[in-house]
Amino acid sequence: MGVFVCICARVRECEVRDAIRFGARCEESVGDACGAGTGCGSCLDRIADLISEEQPALATLSA
């Protein structure tokens with residue numbers, strides 16, 4: 001069980017991170033992939049933070 005990032009769509013942090021790892025690069029594409037951020041929008045800042053956190057790991061994987 002993980003922490004919810006998006007309460008409206010019941011999306012956990014691990015699901016958002018997976019969406020980013022599979023190619024989502026902005027809040028909108030995360031929403032398309034898993035539904036996070038498509039309701040009230042209060043989680044968009046957290047989604048942006050997760051995208052930023054995942055970028056260094058993604059660069060390492062593609063090198």
Side-chain angles (χ1 to χ4, degrees):
M1 184 151 127
V3 175
F4 282 104
V5 170
C6 179
I7 300 300
C8 296
R10 298 185 56 184
V11 180
R12 290 175 166 53
E13 182 176 326
C14 60
E15 295 172 273
V16 173
R17 289 186 185 275
D18 284 345
I20 296 165
R21 290 175 188 144
F22 286 110
R25 297 291 178 262
C26 66
E27 294 90 336
E28 184 177 333
S29 60
V30 168
D32 291 342
C34 65
T38 59
C40 74
S42 65
C43 61
L44 292 174
D45 287 341
R46 180 63 183 137
I47 293 169
D49 290 344
L50 291 171
I51 292 168
S52 294
E53 288 175 19
E54 288 294 326
Q55 293 307 314
L58 294 171
T60 302
L61 290 175
S62 64

Practice task
Would you check if the side chain of Arg25 reaches a backbone N or O of Ile20 as a donor-acceptor pair within less than 3.5 Å?
Solution key: yes
Sequence neighbours excluded and cut-off under 3.5 Å, please list the side-chain donor-acceptor pairs for residues 36-48, or say none.
unit_1 : atom_1 : unit_2 : atom_2 : d
Thr38  : OG1    : Gly35  : O      : 2.6
Arg46  : NH1    : Glu53  : OE2    : 3.4
Arg46  : NH2    : Glu13  : OE1    : 3.4

Practice task
Mind checking salt bridge (Lys or Arg N to Asp or Glu O under 4.0 Å) for Asp18 and listing every partner two or more places apart, or none if nothing turns up?
Solution key: Arg21
Fill in the blank from the handout: Closest non-hydrogen contact found for Glu15 with Arg10 is OE1-O, 4.0 Å
Fill in the blank from the handout: For Cys26 and Ile51, the nearest pair of non-hydrogen atoms, with its separation, is C-CD1, 3.5 Å
